[in-house]
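The block underneath contains the structure these notes are about, expressed in structure tokens.
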Amino acid sequence: MAKEKKFVEAITAMDVDFAQWYTDIVKKAELVDYSSVKGCMIIRPYGYAIWENIQKYLDSRLKELGHENVYMPMFIPESLLQKEKDHVEGFAPEVAWVTHGGHEELTERLCVRPTSETLFCDHYAKIVQSYNDLPKLYNQWCSVVRWEKTTRPFLRTTEFLWQEGHTIHATAEEAQEETIRILNLYAELCENVLAIPVIKGQKTEKEKFAGAHATYTIESLMHDGKALQSGTSHNFGDGFARAFGIQYSDKTGKQQYVHQTSWGVTTRLIGALIMVHGDDSGLKLPPKIAPTQVIIVPIAQHKEGVLEKATELKNRIGNFARVKLDSSDKMPGWKFNEYEMKGVPLRLEVGPKDIENNQVVLVRRDTREKEIVSMNELENRIPQILEDIQNSMLESARKLRDEKTYTAVTMEEFKDIADNKPGFIKAMWCGETACEEKIKEVVGVTSRCMPFEQEHLSDKCICCGKEAKHMVYWGKAY
RNA sequence: CGGGGUGUGGCGCAGAUGGGAGCGCGCGUGGUUCGGGACCACGAGGUCGCAGGUUCAAGUCCUGUCGCCCCGACCA
């Protein structure tokens, strides 16, 4: 362990100070820089490349499912924002307002979008007339602004990047199907691409989105035992449709309100990647999302033929993986540490000895296992290793999460676990907000979700002792 | 928004009781090196967060203000 620490002195050890560890990684791996605007971050090329990979996957999957991308204005007139009561109330404390255009005060102030429900609704009301116009499956990639009090790179910033889908449907059933379809897509993104295991479930009344009929969520667990809401999908029912007058005439000529959904994931997912997979040497990226999957480090590159061979390998590997060659004058050891810190899944070392033996050295980031491979085998072996890294990262993340998931039946147990063992706690709940609030006050945890996969831990609500209606995942959350 | 901490070259820091702006790393050039953060030589780089004030003199003292970090209350 002491040896490991020596590798990367720049990063604070996780168990010494988790928050500092996170900040160190974010900066040292060159994901972000702080900007001159409070709470706003500069996403640097390496960080943005991760986001682009998330976008690529999600965007193509959404399009396969029939969604279309649009772009809405970043400003919302105050009157428009106020049309749905719960919605405004939910967002009012964190909206930024534009009051002036040039030197002139605006007659109506404009809000910088914290989310675009109202804009989509306003637009849908105009373009929808008949059942033939439905469904509308719109998605938008943009940034939104929420005036947060406490900010942290990726996890909570004043401005953040996201994707927001807004769909309208003829029936409640279709809207519900869409809501769940997207939740499943998000879960797939997390598990299959980001190697982050998630719990799918429904938010309680207290935790649901402002103005929603029901909110569904995927919850993941970070290395420090805190939960992170990683994506949400909302069924609005016809609440917004009524507030905004989004109606269509059905086949019988009757006016009906549409049924609506909205859903989003944000750059927060990058924070999840860091906190689920990272270790004391830095970031650890699953191959499917890593901007660079293979880094080639030439050894004694000044010697005859080394750089030529490294370049040749780069070109070959480039046919099936995202590869980079670092031919800078830095020491090989320096490069090893640098790319470990940046979480590059696989390192390929090639030096004079290797060339002599027609081999290379491959080193995995996740396990640090070293493997000598014949140069003839790269096309076979590298994809295998990358796939294996992808799978085993998901497995170890799942194992860690399961180890940090506890069960409580009494309040004493509940409190004891919450105080001493950071992680998810499963406990039964009667469904009353009063109990939820009391649990927060007494135990110090919030409800994360009512998982789709329910378990019967006891007949009674852990708080009031009345009949239990749901098993709930509780925890401290980001 | 409350409590605590912090702000000095790019980064990490030192600068007791007011009077030379310094160190390590990094950066540039040249050379020797290269299988886990190399070494030597030379060199570039600073409105001491910002604004006032006290003083002959402020990185240092006083007031205000802003940013960042940590802990809480609110949130993707």
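What's counted below: heavy atoms across the whole structure, side chains too, no hydrogens, waters or symmetry copies. Each chain gets a letter, A, B and so on, in the order the sequences are listed, and its residues count up from 1.
- Among the heavy atoms of the strands lying under 4.0 Å from A:Lys149 is at least one base atom, whether or not backbone atoms are also near.
- When heavy atoms are screened at a 4.0 angstrom cut-off, A:Lys335 is found touching no nucleic acid atom at all.
- Residues A:His234 and A:Lys203 fail the side-chain proximity criterion, which asks for heavy atoms closer than 4.5 Å.
- Of the candidate nucleotides B:G36, B:G67, B:G35, B:G36 has the atom nearest to the side chain of A:Lys370.
- Listed pair A:Tyr22 / B:C69 fails the phosphate criterion, with no side-chain N or O lying under 4.0 Å from OP1 or OP2.
- As rounded to whole Å, 10 Å separates atom C1' of B:G36 from atom CZ of A:Arg368.
- Listed in residue order, the members of residues 137-145 of chain A having a heavy atom less than 4.0 Å from RNA chain B come to none.
- A:Phe209 has its side chain within reach of A:His87: a pair of non-hydrogen atoms, C-beta onward, lies under 4.5 Å apart.
- Interface residues of residues 288-318 of chain A facing RNA chain B, ordered by number: A:Ile299, A:Ala300, A:His302; criterion, heavy-atom separation under 4.0 Å.
- In this structure, A:Gln20 places its CD atom 10 Å from P of B:C71, rounding to the nearest Å.
- Distance from the side chain of A:Glu349 is smallest to B:G35 among B:G35, B:C68, B:G36.
- Not a single donor-acceptor contact under 3.5 angstrom links the side-chain atoms of A:Arg347 to the base of B:G35.
- The ring of A:Tyr124 has its center closer than 6.0 angstrom to the ring center of A:Tyr138.
- The nearest whole Å value for the distance from the CG atom in A:Asp33 to the P atom in B:G67 is 17 Å.
- Among the atoms of the strands shown, only primed sugar atoms or phosphate atoms (P, OP1, OP2) are found under 4.0 Å from some heavy atom of A:Glu94.
- If you check B:A76, B:C68, B:G35 against the side chain of A:Glu148, the one that comes closest is B:A76.
- Within 4.0 Å of A:Ser328, counting heavy atoms only, lies no atom of the nucleic acid at all.
- Nucleic acid contact for A:Gly39: sugar-phosphate only, since backbone atoms but no base atoms lie under 4.0 Å from a heavy atom of the residue.
- Note on A:Arg368 versus A:Glu340: salt bridge recorded, some NZ/NE/NH1/NH2 to OD/OE distance being below 4.0 Å.
- Using a 4.0 Å heavy-atom cutoff across all strands shown, A:Asp329 reaches no nucleic acid atom at all.
- Tested against A:Lys303 for a side chain to side chain contact (heavy atoms under 4.5 Å, CB included), the candidates A:Ile299, A:Leu307, A:Val306 yield a single pass: A:Val306.
- Taking the syn range as angles within 90° of 0, the glycosidic angle of B:A21 is outside it, so the base is anti.
- Atom OH in A:Tyr216 sits roughly 17 Å away from atom P in B:A76 (whole-Å rounding).
- Closest to the side chain of A:Lys440, from the set B:C69, B:G36, B:C74, is B:C74.
- The pair A:Arg398-A:Glu191 meets the salt-bridge criterion, with a side-chain N (NZ, NE, NH1 or NH2) lying under 4.0 Å from an Asp/Glu carboxylate O.
- Salt bridge A:Lys284/A:Asp279: present, at least one basic N to carboxylate O contact under 4.0 Å.
- For the residue pair A:Ser262/A:Glu117, the side-chain donor-acceptor check at 3.5 Å is satisfied.
- In terms of phosphate contacts, A:Lys476 brings no side-chain nitrogen or oxygen within less than 4.0 Å of OP1 or OP2 of B:A73.
- Between A:Phe452 and A:Tyr216, the ring planes lie tilted relative to each other; the angle falls in the 30° to 60° range.
- Here the side chains of A:Ser233 and A:Ile180 are not in contact, with every heavy-atom distance at 4.5 Å or above.
- At a cut-off of 3.5 Å, with distance as the only test, a side-chain donor of A:Thr261 or A:Thr167 sits close to an acceptor on the other residue.
- Taking atom CH2 of A:Trp147 as the reference point, atom C1' of B:A76 lies 17 Å away to the nearest angstrom.
- A:Trp21 has its CH2 atom 13 Å from the P atom of B:C70, to the nearest Å.
- Looking at the side chain of A:Arg152, the nearest of the listed nucleotides B:A76, B:C34, B:C70 is B:C70.
- Using a 4.5 Å heavy-atom cutoff, the side chains of A:Val323 and A:Leu348 are not in contact.
- Of the two residues near RNA chain B, A:Phe209 and A:Thr23, the one whose nearest nucleotide lies more 5' is A:Thr23.
- A stacking contact links A:Phe160 to B:A76: the aromatic ring centre lies within less than 5.5 Å of the base's six-membered ring centre, and the planes differ by less than 30°.
- The A:Thr150 side chain lies nearest to B:A73 when the options are B:G67, B:A73, B:A76.
- With distances taken from any side-chain atom of A:Thr157 to the nucleotides B:C69, B:G35, B:A76, the minimum falls on B:A76.
- For the P atoms, the distance linking B:U60 with B:A21 amounts to 14 Å, nearest Å.
- At a threshold of 4.0 angstrom between heavy atoms, the contacts of A:Gln229 are confined to the sugar-phosphate backbone, with no base atom among them.
- Note: NZ (A:Lys330) to C1' (B:G26) measures 9 Å, nearest angstrom.
- Rounded to whole Å, atom P of B:U6 lies 16 Å from atom CG of A:Asp17.
- Counting any heavy atom pair closer than 4.0 Å across all strands shown, A:Leu155 reaches a base atom.
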